[in-house]
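Worth saying up front: this structure is predicted, and the values here are computed from it rather than measured. Numbers restart at 1 for each chain; the letters A, B, ... are given by sequence-line order, proteins then strands.
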Amino acid sequence: MNNKRRLWQIFGPVLCAFILLLVVFLLPWERTFSKDSVYQAANSQTTTIFKGSRMKQNAYQDGYVPFYGSSELSRMDPLHPSVLAEKYHRSYRPFLLGGPGSQSLAQFLGMQGTAEQLKNKKAVVIVSPQWFTKRGQDPNAFSLYYSPLQACNFILQARNTRTDRYAAKRFLKMPEVKGIIKSGMKTVARGGKLSTIQRLALDGRRRMLNNEDKFFSTFQLRDRIQKIRAQGKLLPDKYSIAGLDRVADEQAEKHTNSNDFGINNVFYKKRLNKRTLDRLKGSQRDFDYTKSAEYGDFELMLDQFAKQHTNVLFIIPPVNAKWSEYTGLSQKMYQKAVSKIKYQLRSQGFDNIKDLSKRGAQQHFMEDTIHLGWRGWVAVDQAVRPFMKKANLPYNYNIHNYFYSKKWQRKPYAALVNITDKNTLKVDQKDNLKGN
Amino acid sequence: MNLDFINLQPYANPQYFIYLMIALIPMIIGLYYGHRFKVYEAVFSLVFLFLIFDGIKWREGMNLIIYLVIQFVLTFAYLHYRKVGKNKTWVFCLAVILAIAPLALVKVQTAMPQKQIPGVLGFLGISYITFKTVQVIMEIRDGAIKKVNPITYLRFLLFFPTISSGPIDRYRRFAKECDVAPARDQYVSDLGYAVRYLFQGFLYKFVLGWFFGTYWLPRISRSALIVGNMNGGLKLSWWLVAYMYCYSMYLFFDFAGYSLFAVAISYFMGIHTPMNFNKPFMSKNIKEFWNRWHMTLSFWFRDYIYMRFTFFAMKKKLIKNRIRLSQVSYLLLFGIMGFWHGLTWYYIVYGIFHALAIIINDSWLRFKKKHKGKLPSNRFTKYFAIFVTFNVVCFSFLIFSGFLSQLWFGWK
C-alpha cells in the first residue's frame with residue numbers, strides 16, 4: 001500500500017468525524033421535552049438548566065412561572081412553593097432559578113434567552129438583602145452560573161443603551177468571560193457596533209451552544225419529584241392558612257430541637273460546629289447592605305422585566321432574628337437596605353412587593369440562619385396565591401438610568417416615598433436625572 | 001503587572017487540541033518529507049511552554065528558568081568532573097542530592113503551606129524534570145553517558161508534550177531520535193499510532209475519566225461522608241467501597257488518558273516517547289502490576305533506586321541474605337515513592353502498603369515454586385489472581401486518594 005493511501009486511511013476518518021461534528025452542531029435542531037423532564041428541570045436547580053434556554057422556554061409556554069432567587073429555594077420543606085403548587089393543583093408551577101451565590105448579575109444573564117416567552121407573563125423574585133454586599137456579585141459564584149450561550153444572546157441583541165453598556169462593563173469584571181465573548185462585551189461596553197466577523201463568530205458559537213443546550217440539558221437532572229410528593233403528603237388535603245400554619249409548626253418543632261436559634265438540626269449539625277459558632281459571634285457587626293454595587297445589577301434585572309412587560313412579585317425575606325443578634329448584624333441597617341430596595345422598585349412602578357423583612361423574630365419563620373422556611377413559606381404563599389390569580393395584563397414600568405449611577409449605589413439610605421404624593425417624586429426625579 | 005493573558009494548561013480541554021494540531025501541521029508535513037524543522041519545533045515548544053507559564057502562572061515560569069540554570073550548572077560541572085577522570089562517591093552523592101534538593105524543598109513546602117521557605121516555589125512538572133536530570137547524572141557516573149549536548153539536553157528536559165506529567169523518557173533514547181527525521185514508512189505508521197492514541201486518550205480522559213471523576217465521584221463522596229458520619233466508629237459504609245472503585249477508575253482513565261495524549265503528540269513530532277500504561281488491571285500479581293502501571297516511573301525507580309541500592313548493599317555486604325535484601329530494597333523504593341507523592345500520612349502508607357504487598361507476593365511465589373505441581377493452576381486460578389490483585393490495588397488507591405483522611409479527621 002502506498003503512503004498516500006495509508007495517510008488517507010489514517011486521517012480520512014478523523015476528517016469525516018470532524019466534518020460530521022460540525023454539521024451536527026451547526027444544524028438547527030429542534031427538540032421538545034417530555035412533561036416529566038420539564039417538571040424535573042423546574043425543581044432541579046442545576047446550573048445546566050439555569051444556564052440553558054430551551055428547557056425554560058418550553059416550561060414558560062406550559063404555564064411554569066419563574067421563581068428567581070438564591071439558596072432559600074433549595075429549602076424544600078412541605079410549605080415550599082413547589083410543594084404547595086403540586087399538592088393543591090395550582091394553575092401554575094414554580095420554575096426554580098438560582099442557588100447559592102446567584103445574585104442579580106447572574107440572574108440577569110440567565111434571563112437573556114427567555115424574553116419572548118415571558119412577555120406579559122408573571123414572575124416571582126425573592127430578593128435577599130444579603131446580595132447587596134459592597135462588591136455585589138461574587139466572581140467565583142458567577143463563574144458557576146456563567147452561561148456563554150446567554151452571553152452570546154446578550155451581545156447579539158445589545159444596543160447602545162445605558163443598560164447594555166452597564167451590563168457589559170459588569171460582565172467584563174468577571175474572570176469567566178473569555179475569548180470572542182469578551183471581545184464582544186468590550187464592543188458593547190464601548191457602545192460600538194459589532195463587526196461582521198464578530199457577529200458571524202458569535203452567531204456560530206450561539207448555534208453550537210444552543211444545540212449543546214438542546215442535546216444535553218436533560219443530563220444530570222436532579223430528580224426531586226418524589227421528595228415533593230412525599231412532602232405534599234404531610235399537608236392537609238384541603239387548603240387553609242390555619243392548616244398550613246399547623247403543619248409548619250409541627251415540622252419546625254421537630255426539625256429545630258437541637259439548638260436555641262431555631263435553626264434546622266441538619267444545617268446546625270453540619271455547618272455550625274462549635275468552632276464555627278465561636279468564630280461567627282459578632283462577626284457581622286460591620287456588614288452594610290446599603291452601599292453596594294448590587295443596586296446597579298439589580299436594576300439590570302428590573303430593566304429586563306420592563307422590556308418584557310413581565311408582572312413581577314418581589315419578596316424580601318428577613319434574617320433569623322436570634323442569629324442576627326448573635327452575629328451582630330444590625331437590624332437597623334437591614335431595614336435601611338430594605339427601604340432602599342423598595343424605593344428602587346416602587347419609584348419605577350414595581351408595586352407588587354411582599355416585605356417580610358421584619359418577621360425574622362417570628363417563631364418557625366426561618367429554616368436556618370438567613371433562609372425562609374416553614375412559616376416563612378406560608379407567608380410567601382399568602383402573597384403568591386392571590387398574585388397568581390390575577391389576570392395577565394401588560395405592565396408598563398418607568399425605568400430610570402439613575403439607578404445605575406455610583407451615586408445611587410453609594411447612597412446610604414432612601415426613605416420610602418409616598419407614591420401618590422407627586423411632589424416628592426418630582427423633586428427626587430430631578431435629582432435623579434442630574435445624577436445620571 | 002497585567003495578567004490578562006491567554007493561559008493554556010496542557011490537554012485540559014478539547015479546544016486545546018485544535019490549537020495544538022494546527023500548530024503541529026507544518027512539523028508533520030516536514031517530517032513526512034524527511035525534514036525536521038528544528039527552528040519551528042523550538043518556536044512551537046516555546047510558545048506552548050509560554051502559554052503554560054504565563055499570566056497568573058508567571059512566577060512558576062520564573063522558577064522553571066531558575067531551576068533549569070541550577071540543573072545545567074550541576075550536570076555540566078559533574079560531567080566535567082567525570083571527564084577529567086575522577087570518580088569519588090561522595091561527589092556523585094552530592095550531585096544527586098543537589099539535583100533533588102529543589103524538588104525536596106517544594107515537597108516540604110507543599111506539606112506545610114503556612115511556612116514559606118523563601119525563594120522556593122514549585123512549577124508544573126518539577127518532578128518529571130527532576131527525574132530526567134537525576135537519571136542523566138547517574139548515567140554520567142556509570143559512564144553510559146559521555147557527552148551531553150546542551151541544546152539536546154534542554155530539548156530533552158523541556159520536551160513539551162511530556163513536561164507536566166511524563167511519561168519519563170531516557171536521555172540516550174531521546175538524543176538518538178531528536179535530530180533526524182524518521183523514514184517515511186516508519187513515520188506514516190507513527191501517525192497511525194498517534195491518531196489512535198489521541199482518540200483513545202479522548203475516550204479515556206474526556207469520556208470515562210469525566211464520568212468517574214466529575215459525574216460520579218462527588219456524589220459518591222458526599223454519600224460516603226454523610227452515611228459514614230451517621231454510622232460513627234470507623235465511619236465505614238458501602239459508599240466507601242463504591243468510592244474506592246470509582247476513584248481507582250478515575251485515577252486510571254485520567255492519567256492513562258493524559259499519558260496517551262503525551263505519547264500521541266510525541267509521535268506526531270517524530271519522537272517515540274515510551275508508553276506509560278499497559279492494561280494494568282489485567283495483572284496477575286502486584287509485581288506485574290508495577291510493570292504495567294505508570295511504567296516509565298516504576299522502571300525509573302527500579303533502575304535508579306532499587307537496583308542501585310541492591311548492588312550497593314551487596315558490594316558493602318550490608319545484608320547477606322538475598323531475600324532480606326530485596327525486601328529492604330522494596331521498602332526503600334516504595335517508601336521513597338510515597339514520600340515523593342507528598343508528605344502526608346496517606347501517601348506514605350500507600351507506599352509501605354505496596355512494599356508489603358510485593359514482599360508477600362514474593363514469598364508466595366517462592367512457596368509456589370517449592371510446591372510445584374501440588375498447587376492447581378488453571379483458568380480459574382488465573383482469573384482469581386487478577387481479581388485479588390485488582391482489589392488490592394484499588395484498596396491502595398483508596399489510601400492514596402486521601403479520602404480516608406477527610407472521612408476520619410475532616411481534613412484533606
Side-chain angles (χ1 to χ4, degrees), chain A residues 1-22 25 44 46-48 74 139 144 148 172-183 185-186 201 204-205 208-209 212 216 218-223 265-276, chain B residues 3-8 12-19 21-22 24-25 28-29 31-34 55-56 182-203 206-207 210-211 214-216 218-219 222 225-230 232 264 267-268 410-411:
Chain A
M1 212 176 350
N2 70 25
N3 282 328
K4 290 242 162 63
R5 226 184 115 99
R6 283 175 68 199
L7 276 181
W8 172 243
Q9 282 186 344
I10 293 165
F11 290 106
V14 179
L15 266 165
C16 290
F18 202 71
I19 291 166
L20 210 67
L21 196 74
L22 274 180
F25 273 111
S44 72
T46 55
T47 49
T48 329
S74 46
L144 201 66
L172 282 169
K173 290 220 171 82
M174 301 293 147
E176 203 62 18
V177 180
K178 289 180 227 166
I180 50 166
I181 293 178
K182 190 171 181 178
S183 73
M185 285 291 179
K186 277 185 181 156
R205 185 111 174 82
M208 276 196 192
L209 290 164
E212 246 177 71
F216 302 124
T218 43
F219 264 50
Q220 279 187 289
L221 274 183
R222 190 183 296 142
D223 187 3
N265 295 338
V266 178
F267 184 94
Y268 189 78
K269 216 172 119 188
K270 254 171 74 183
R271 306 268 289 274
L272 298 171
N273 56 38
K274 183 87 177 56
R275 240 191 19 234
T276 320
Chain B
L3 302 174
D4 192 19
F5 288 116
I6 305 170
N7 185 292
L8 297 175
N13 60 53
Q15 262 172 40
Y16 184 80
F17 290 89
I18 296 175
Y19 308 133
M21 289 319 293
I22 291 171
L24 277 171
I25 288 171
I28 293 171
I29 293 172
L31 286 167
Y32 182 75
Y33 288 104
I56 45 168
R184 181 176 290 186
D185 242 26
Q186 170 70 46
Y187 186 60
V188 172
S189 309
D190 287 352
L191 288 178
Y193 286 121
V195 169
R196 208 184 92 193
Y197 293 153
L198 195 63
F199 278 81
Q200 199 182 346
F202 286 144
L203 175 70
F206 293 129
V207 180
W210 183 86
F211 259 108
T214 311
Y215 188 78
W216 280 321
R219 288 147 204 256
R222 221 175 303 134
L225 286 173
I226 291 169
V227 178
N229 280 325
M230 270 177 359
Y267 274 41
F268 278 123
W411 38 265

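- Partners of A:S74 under the side-chain hydrogen bond (donor to acceptor under 3.5 Å, both in side chains) rule, at least two apart in sequence or in another chain, do not exist in this structure.
- Note that the CZ atom of A:R6 and the CZ atom of B:R184 stand 11.0 Å from one another [nearest 0.5 Å].
- Surrounding CZ of A:F25 are more than 12 heavy atoms belonging to other residues, nucleotides or ligands, all under 6.0 Å away.
- In B:Y215, the OH atom is crowded: over 12 heavy atoms of neighbouring residues, nucleotides or ligands sit closer than 6.0 Å.
- Within the model, atoms CD1 of B:I226 and NZ of A:K270 stand 4.0 Å from one another, a figure rounded to the nearest 0.5 Å.
- Note that OH of B:Y187 and CG of A:N3 are 12.0 Å apart. Values are rounded to the nearest 0.5 Å.
- In this structure, chain A has heavy atoms under 4.5 Å from both the backbone and the side chain of B:V188.
- Other residues, nucleotides and ligands contribute over 12 non-hydrogen atoms within 6.0 Å of the CZ atom of B:R219.
- With a 4.5 angstrom heavy-atom cutoff, A:K178 does not touch chain B via any of its atoms.
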